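Below you'll find the structure, written out as structure tokens, and then a few comments.
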Amino acid sequence: MHLTLEFGGGLELLLENSTKVHKVEVPPQDGENMVTMKGLLSWVKANLIKERPEMFVKGDSVRPGVLALINDCDWELCGGLDAELEEKDVVVFISTLHGG
Amino acid sequence: MAGGGGCGRSREAIEGELRKLRAEREELDSRIRQLESQLEVGSTGVGGAVAAKGAVDSSCDGSVACRSRGGNGFAPDSGLPADMIYRYSRHLLLPDFGVEGQRKLSHSSILVVGAGGLGSPVALYLAACGVGCLGIVDGDDVELNNLHRQIIHKEAYVGQPKVKSAADACREYDIVVDATDNLPTRYMISDCCVLLNKPLVSGAALGLEGQLTVYHHNGSPCYRCLFPSPPPVAACQRCSDSGVLGVKLRGSLPDCTICGKNSVFTEQDFQKFDYESFTQSPMSDKTAPSVNLLPESARITSRDYKRLVDNGEPHLLLDVRPTHHFQIASISPSLNIPLSMLEEKLPMLETSLKETGAASASGKEPSLVVLCRRGNDSQIAVKLLLEKGFASAKDIIGGLQAWGQDVDPDFPVY
């Protein structure tokens, strides 16, 4: 499945060359025929994250302080970990800032 | 403990004086507005009138509540004075804003928490656009007291719970702006706004980028709905240019411990809540966590270093700060190799050290002294240098900050 992934708020530093936007082809998880957010997170952890994975994921989910958006919509409104992604979806991961 | 002035005047006398001064100020403000409007009628420029707009209150106690509302000469039921029409004409001409919008602004009150990089422009714009009552809270001006880490508190609240002071300061306003620079304060202000049922406009910035979110307004979530658990202490602190402006966020979480329907979080709980331990981070970035990596024998104080220089002992001073820091101010002579590049530039360091040795008259082996801003990176550097065979390497405890404090008071602090 073709997806556009964006990383912000410093999360891009965990990726190769600190690249923020990644156009990727994500296969369905074993035994399933769709890509869920849960599947995407483990795919990102295995394929994109180059360092300090604990800064991105905690357990099955994103770590506290990271906001996930599917097509500019809070992923909690789309089903959270169970949200099913569709072809050409844009998924954004942002780490919140607190500087002032 | 009495703070500041230390005069023996009674509370009543001071309050009386305050009332008198406030009345005088109102009178002065009104005269200023009249004169300004006369000026503006005859000129096309905006003039230097910015300072008189709104009621920007700030004083040496760092947090001031604005008690008079509806300033700006903007009477609720009568027409607008000529000077106000001229000043806000571009607002009034906006069909969706108009006179009614300006009137609402002039009767609104907004508290800006934090007057740093975010709070300053926020406060300036709010004052300029005609907000009737504006409060600014910033602890950084309260140096004379011990409150520099507790940005929302007044001197009068010394000895009282921080959260009481914060709650009392916020209570006076319709809207709160969070422009603070740390996580525990952000959670604290959000919880406080939920308890007092005030909307919270939260800004965050780092470097050239920022994020903006509105919390607890028309069913929108509170900070805790979005972030029930605080991020790990070491979470990346860099900013994004893909902020959260314009995205659809979840609504208030029904089971949010603070703003949810069944929340049992009370003002008493709020006052007792330890935000610093909840977030595992301090309310001030001035108390950066210090590392302790080296044995005492591999460390010297800034005063020790001064003596070493005065005695003409041969040494090389290695400054491991990033280059742009080094360019701000440095001790001369010193060699700048940023910590991130130290390992690859060890040969260059070796060469410099040999040159220093050759140039010294005593023929003594030169020692290697490592310096950074606060004395953390220098320890990491010395640890590496010791492992790589630079046996004489020592770091200066407390870095340039200690140098400025204990040796050279003229050394610029940044």
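Since the structure is predicted, the reported quantities are computational estimates derived from the model, not experimental observations. Lettering of chains follows the sequences in order, A, B, ..., and the numbering in each one begins at 1.
The two residues L97(A) and A204(B) make their nearest non-hydrogen contact at O-CB, 3.3 Å. Among all heavy-atom pairs drawn from P64(A) and P230(B), the shortest one is CB-O, 3.4 Å.
Looking at heavy atoms from C-beta onward, L226(B) lies in side-chain contact with D74(A) at the 4.5 angstrom threshold.
Taken to the nearest 0.5 Å, the NZ atom of K58(A) stands 6.0 Å off from the OG atom of S229(B).
For E54(A), the CD atom is densely surrounded, since the number of other residues' heavy atoms within 6.0 Å is greater than 12. Within 6.0 Å of atom CD in E343(B), 12 or fewer heavy atoms from other residues, nucleotides or ligands are found, so the atom counts as exposed in its surroundings.
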So Q211(B) and I94(A), side chain to side chain contact (heavy atoms under 4.5 Å, CB included) or not? Walk me through it. CA-CA 10 Å; Q211(B) 298 173 346; I94(A) 307 174; 3.2 Å; yes

